[in-house]
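Notes to accompany the following structure.
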Amino acid sequence: MVLLKDPQAWQHGYALMKQTGLQSGTLYPLLVRLSDQSLLDAEWREADKPGKPPRHVYRLTPAGLAFAREQAVPASKKIGALSGAKA
C-alpha cells in the first residue's frame, strides 16, 4: 500500500491516484470509507499557490497503520500462522 511507505506523511488524493494507478471514481470512495472507519485521517489544506482551492490530504491513523500492515502480510504467512506452522 502506498500509504505504508511513509505512514505519517500527508498525501494528496491526486498524488495517490498517480502512485496507485486508480481512477478518481475508485480511489476517492475508498478514501472516504477508510476515513469513516477511522483508518485514515483526512483534512483540508490550503493550496501552495494563491487562487487555487484547498486540497484534501490523507494519512494513516494508528489503527489504519496496523490494518495496512496486517493486509500487507503474504497470504501464505497468514495461513501458516493460523495452522501453527512456522513460515
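Starting from 1, each residue takes its place in the sequence as its number.
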Report the distance from atom CD of Gln8 to atom OG1 of Thr61, rounding to the nearest 0.5 Å. 9.0 Å
What is the distance from atom CG of Asp41 to atom CG of Leu60, rounded to the nearest 0.5 Å? 9.0 Å
Does Arg55 have more than 12 heavy atoms from other residues, nucleotides or ligands lying within 6.0 Å of its CZ? no
Output the distance between atom CD (Glu46) and atom NZ (Lys52), rounded to the nearest 0.5 Å. 14.0 Å
Who pairs with Glu43 by side chain to side chain donor-acceptor pair (under 3.5 Å), at least two apart in sequence or on another chain? Arg45
Who else is in the cluster with Val57 when I, L, V, M, F, W and Y are joined by side-chain contacts under 4.5 Å? Trp10
Taking the side chain as every heavy atom from C-beta outward, state whether Tyr58 and His56 have any atom pair closer than 4.5 Å. yes
Taking it one step at a time, do Leu3 and Gln11 satisfy side chain to side chain contact (heavy atoms under 4.5 Å, CB included)? CA-CA 8 Å; Leu3 292 168; Gln11 301 272 345; 3.6 Å; yes
Would you give me the side-chain donor-acceptor pairs under 3.5 Å for residues 22-39, sequence neighbours excluded?
unit_1	atom_1	unit_2	atom_2	d
Tyr28	OH	Tyr14	N	3.4

